[in-house]
Structures are given as structure tokens and as C-alpha cells.
Amino acid sequence: MKLPPPLSFLPPLPSPPRLPRLPGPRLSSALVGATALELAVLAGHLITYPLGLTPERPESPEHPESRAGSAGSTGSARPESPAPTDRPENAPSRPLALPVTGDPTAPAAAPPVVLLHGFIDNRSVFLVLRRALTRHGHRRTASLNYSPLTRDIRAAAALLGRQMEAVRARTGHDRVDIVGHSLGGLIARYYVQRLGGDRRVRTLVTLGTPHGGTAVAPGAGLHPIVRQMRGGSPVIEELRLPAPGCRTRFVSFWAELDQVMVPVETACVDHPDLDAVNVRVTGIGHLALPVHPAVAAAVREVLETPETGEADVPVTGATSAA
């Protein structure tokens, strides 16, 4: 039996249309590089971490007024202590032994800088930033440690307020600058905005701080202070309340590749009553913010910028946005 020839007269079927390629889970080279840098920073910080476990060694508790008085006197008489009514009841007769290091010949107009670390960290995280401030900016700095067992941001902010008074008493400056990383920036903001710290703090610089609360809060079920960093917590909601007349200038650095701040814009200060500038940093993540040389240089520039007529802060490798 002879088979019929194939139906060659039929036109070929059209090929199916090519669908647009959907974005897949492929990691960008920038994210891979930032993750590698985060791991390197973490490894290095684990080595330096023991160096920051102990508080800084306090310098002489002598006041600037005491030095001026002793320089102009021929005797060895001590300066008179303030009357008991000049300080609260049961207050210590002299300020806390909080060390302030740096160039003692720094200009009088430059206030000291207080560095406040993040959660389960210590003052060793600021080794690079502190070197940038003291060597190039000739600024006096104080690194504070708070206990990892601290359970409440409000209590930590109240303690920070007492430490601010100690810094002011030791340096003779009425106002102080603060640089806070992560949780440290949130503690400092609560002190400034809710406890009247704007009278004492000229500029507050935050690095990767969850101002709006973050959805990434590992250990939230174990540590109450971590729960306070989540969006919608009572502390975060308090910071949304009106703050008319706040005198502190805010500058927040937020990293586009910060995997701890979710969403990343939560590290921006967004409040109608606050004088705030938000600086976007590209190419790095959360842990690299306090140790990256470009960020350290930008922080130093912020602290040296006059309060009036402030513009956006240029950062090498980053984009600043108001």
C-alpha cells in the first residue's frame, strides 16, 4: 500500500512568542561585594571586640574652671564646692569619671563627640571613626558602653542623659555632639526628643538606626529591647509624636544594602518637627557603616559644618539626599 505524500503544502507553525525574562533571585555584584565586606568587618570586629569590653580609663576629674583658678593663684587652696542647694539631693559631689580623649588644644567652638555603639556591641566598633575625628578633626571624643543586659531604650536614654552631664562638666562645653550606630542612635534620639536632650546635644549623627522600626529583629522574643526596635512598638510610636522647637540637628546615614534595616528607608529620619538630613550610602551594609573610611570622613565633615546654611553632605561612593 502506497502512503500519501506528506502534507508539505501546509505552512510551518509559528514559533511561540518569547516571554520577557522575569527577575530571578540572582544576586547583584554589588550585594555580593557588600556581603563579603560585611563578613570581613565582622571577622575583624571579633578580634577587636575584647579591647572595648572595659570602660575607657578616666582622665583627671579636674574641671576647666579649677585649672584656670589654680593657674591664677599662688596658694594651693582648692576651689570652693558648690552649695548643697546647687545640685539635686543625693547627687555625687563631682561628675562621673567619664573619659574624654583627643586634642586638648581643639578650638573651643568644637564640642566634644560622644560615640554610642549598637546592640550587643561595645566602643571598639568606633576605632576607625574615632581615629578620623581625633587625628583629622582634632575633636575630643568619649566612647560609652552600655550593658547588653539593658532591657529598655527609655532607661538607656536616661542613663545617657546623666553621662552627657558628666561630659559637659569635664569639658566645659554646654553642648555635645553624638554619633550613634544602630540601637545607639535610637537611644540618643529618644534622649534628645523625649527627655529634653536637645538642650545638650548640638548634632546627632546616626548610622544605620531604625528610626521607623525594622522588620528584621532577630531575638525579639528573647530580648525586650529588640522588640522596641520593631516597627509599631511603643518606643517607635513615641518618636512619631510632635517635637516642636527641638534644637538638635539630625543627620542620618543609611545604606542601600543594609540587610538589618527593613525596609532600608527606615534608617531615615522622617519627622516634620526635626531638622534632619538623610544621607544615602551605596555599596556597603550595616556593619560597615561605622568603619568605612568614606563614611568616617563624611561624619567628620558633618560635625564641622555650621548649623546655619547646612547643605547636603557629599560622600565619596555615596549619594546624599535631603
Side-chain angles (χ1 to χ4, degrees), residues 21-49 115-122 124-132 179-189 204-220 226 228-232 236 250-270 276-302 312-322:
R21 172 176 283 182
L22 298 177
R26 184 177 58 181
L27 296 177
S28 67
S29 58
L31 181 57
V32 172
T35 302
L37 179 59
E38 290 284 281
L39 294 175
V41 170
L42 178 60
H45 189 39
L46 290 177
I47 297 174
T48 60
Y49 189 88
L115 307 175
L116 198 59
H117 61 79
F119 181 59
I120 314 182
D121 210 338
N122 60 39
S124 65
V125 73
F126 289 117
L127 289 177
V128 174
L129 178 57
R130 186 169 190 170
R131 187 179 302 116
V179 179
H181 178 230
S182 196
L183 174 60
L186 202 60
I187 293 172
R189 180 178 172 183
L204 171 58
V205 177
T206 64
L207 310 173
T209 290
H211 292 286
T214 177
V216 176
V226 179
Q228 293 180 334
M229 289 189 285
R230 302 194 69 167
I236 297 298
F250 293 80
V251 180
S252 64
F253 288 79
W254 62 282
E256 285 185 329
L257 302 178
D258 192 331
Q259 301 300 303
V260 180
M261 300 294 107
V262 178
V264 291
E265 292 82 4
T266 194
C268 297
V269 177
D270 184 13
V277 173
N278 298 305
V279 182
R280 183 174 70 248
V281 183
T282 61
I284 64 174
H286 188 75
L287 298 179
L289 278 170
V291 301
H292 198 282
V295 177
V299 170
R300 177 169 55 88
E301 185 171 345
V302 165
D312 291 349
V313 182
V315 184
T316 302
T319 305
S320 59

How long is the straight-line distance from [atom2] of [Y] back to [atom1] of [X], given to the nearest 0.5 Å?
X	Y	atom1	atom2	result
Arg280	Cys268	CZ	SG	9.0 Å
Thr35	Leu257	OG1	CG	7.5 Å
Asp258	Leu289	CG	CG	6.5 Å
Ser252	His211	OG	NE2	5.0 Å
Phe126	Leu116	CZ	CG	7.0 Å
Leu183	Thr209	CG	OG1	8.0 Å

Can you see which heavy atom on [X] is nearest to which on [Y], and at what distance?
X	Y	answer
Val264	Glu256	CG1-O, 3.6 Å
Pro290	Val125	CG-CG2, 3.7 Å
Pro210	Leu186	O-CD1, 3.7 Å
Val262	Thr214	N-OG1, 3.1 Å
Glu38	Gly285	OE2-C, 3.3 Å
Ile236	Gln228	CG1-O, 3.6 Å

> Of His292, His117, His286, which meets ring pair (Phe, Tyr, Trp, His ring centres under 6.0 Å) against His181?
Replying inline: His286
State, with a plain yes or no, whether a side-chain heavy atom of [X] is found less than 4.5 Å away from one of [Y].
X	Y	answer
Val302	Phe253	yes
Val251	Leu204	no
Trp254	Val279	no
Leu129	Val295	no

> Step by step, would you call Val32 with Ser29 a side-chain contact (heavy atoms from CB on, under 4.5 Å)?
Replying inline: CA-CA 5 Å; Val32 172; Ser29 58; 5.6 Å; no
>> Using only atom types and a distance under 3.5 Å, with no angle test, would you say the side chain of Thr266 pairs donor to acceptor with the backbone of Gly212?
In response: yes
